[in-house]
Amino acid sequence: MTASRFVLLLFLAASAAFAQFCDKIEQRDADSILGGAAMPMSLGSLGCSYSVRSKGVRLTLTMSDEGPGARKIYDGLKQKTRASGWLASDEPFMATTAAYGELIKSTPASPAGKCGFVVLKGSRLIQIYVSDSGGKTDLASRRETLDRLRPIAKRVVDQIH
């Protein structure tokens, strides 16, 4: 087998794994959390997203295998969230390794909000979050949205082996 065919097979295997990852969230969950008919969008090998463009809201799922440096990357993301003054609360029942929830409030200087979960499962870094565009809606910077996303995120993470 040539090196290029081997790389192609690895890419296809990785794409299939990420496609299966995206299948773990149901359309009705995306519609419910975003408050409308969400349109699915691919993010290539990184994951997928669901969007309600008229509201400027998006539900995004990404997964990457970070290898032996995964814990350091996870800890760095968590520290960056805390250093920015945003909520970063531990979610001990979300994953087998580590997880935290984050809530980024919209402000006049930064009108977009974001909430979600960053999960370390083995060497994989999984991020599931809701974001909104500044000025259209204030959905993502609410604790209620984070609370509504929690069971969906937990179900997705639990299904990843």
Side-chain angles (χ1 to χ4, degrees), residues 17-18 20-36 38-43 45-52 55-161:
F18 288 111
Q20 290 173 357
F21 167 67
C22 290
D23 290 346
K24 297 186 184 327
I25 189 159
E26 297 177 16
Q27 180 72 44
R28 65 186 170 139
D29 289 330
D31 294 347
S32 172
I33 199 93
L34 298 178
M39 297 297 299
M41 301 171 10
S42 172
L43 299 176
S45 64
L46 191 58
C48 56
S49 183
Y50 296 86
S51 174
V52 178
K55 293 184 173 192
V57 293
R58 180 174 292 195
L59 170 63
T60 304
L61 295 87
T62 62
M63 181 171 66
S64 58
D65 192 329
E66 301 298 336
R71 184 59 188 227
K72 185 176 181 179
I73 292 168
Y74 169 87
D75 289 341
L77 289 170
K78 186 175 180 181
Q79 179 55 36
K80 181 179 178 183
T81 298
R82 285 189 170 150
S84 297
W86 301 319
L87 169 76
S89 61
D90 290 331
E91 295 283 336
F93 302 107
M94 184 73 69
T96 57
T97 307
Y100 70 90
E102 68 179 3
L103 181 65
I104 299 170
K105 293 280 190 183
S106 57
T107 65
S110 178
K114 178 181 170 184
C115 69
F117 300 93
V118 178
V119 180
L120 181 62
K121 190 164 186 177
S123 64
R124 288 177 284 185
L125 189 63
I126 303 159
Q127 296 184 58
I128 303 169
Y129 59 90
V130 174
S131 58
D132 55 46
S133 301
K136 288 196 174 183
T137 186
D138 184 25
L139 174 73
S141 65
R142 298 181 188 169
R143 184 177 279 284
E144 305 89 66
T145 304
L146 185 67
D147 291 342
R148 287 181 49 222
L149 182 59
R150 184 175 284 108
I152 297 167
K154 180 164 179 16
R155 187 175 66 240
V156 168
V157 169
D158 286 347
Q159 294 178 36
I160 296 171
H161 302 286

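Bear in mind the structure is a predicted one, so any value in this text is a computation, not a measurement. Only this structure's heavy atoms are used, side chains among them; waters, hydrogens and symmetry mates stay out.
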Verdict with supporting geometry, L61 and V156, side chain to side chain contact (heavy atoms under 4.5 Å, CB included): CA-CA 9 Å; L61 295 87; V156 168; 4.2 Å; yes
At what distance, to the nearest 0.5 angstrom, does [atom1] of [X] lie from [atom2] of [Y]?
X    : Y    : atom1 : atom2 : result
T60  : M41  : OG1   : CE    : 7.5 Å
Q159 : I25  : CD    : CD1   : 10.0 Å
L43  : T62  : CG    : OG1   : 8.0 Å
I104 : C115 : CD1   : SG    : 9.0 Å
E66  : I73  : CD    : CD1   : 4.0 Å

Listed partners of R71 passing side chain to side chain contact (heavy atoms under 4.5 Å, CB included), at least two apart: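 Partners of R71 by the side chain to side chain contact (heavy atoms under 4.5 Å, CB included) criterion, ordered by chain and then number, come out as Y74, D75, T97, A98, L120.
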Taking salt bridge (charged side-chain N to carboxylate O under 4.0 Å, His left out) as the definition, give me every residue that meets it alongside [X], ordered by chain and number, with sequence neighbours left out.
X    : result
E26  : R28
R148 : none
R150 : E91, D147
D31  : none

Counterpart residues, side-chain hydrogen bond (donor to acceptor under 3.5 Å, both in side chains), relative to [X] (two or more places apart):
X    : result
S51  : none
R143 : none
S42  : none
S131 : none

Closest approach of [X] and [Y], non-hydrogen atoms and distance?
X    : Y    : answer
A38  : V52  : CA-CG2, 3.8 Å
S123 : A70  : O-CB, 3.5 Å
L77  : Q127 : CD1-NE2, 4.3 Å
R82  : A88  : NH2-O, 3.0 Å
V130 : A140 : O-CB, 3.3 Å
G113 : D132 : N-OD1, 2.7 Å

Side-chain touch D29/L59, heavy atoms, less than 4.5 angstrom: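 No - every pair of side-chain heavy atoms lies 4.5 Å or more apart.
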K121 vs V157 side-chain heavy atoms within contact, under 4.5 Å: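 Side chain of K121 against side chain of V157, heavy atoms only: contact under 4.5 Å found.
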Trace of the side chain to side chain contact (heavy atoms under 4.5 Å, CB included) decision for Y100 with T81: CA-CA 10 Å; Y100 70 90; T81 298; 3.7 Å; yes
Pairs touching residues 111-132 that satisfy ring-ring contact (aromatic ring centres under 6.0 Å, His included), sequence neighbours left out: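 Passing the test, one end in residues 111-132: no pairs.
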Step-by-step side chain to side chain contact (heavy atoms under 4.5 Å, CB included) determination, V57 to I33: CA-CA 10 Å; V57 293; I33 199 93; over 6 Å; no
CE/M39: more than 12 non-hydrogen atoms of other groups inside 6.0 Å: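 No, CE of M39 has 12 or fewer neighbouring heavy atoms, counting only those of other groups under 6.0 Å.
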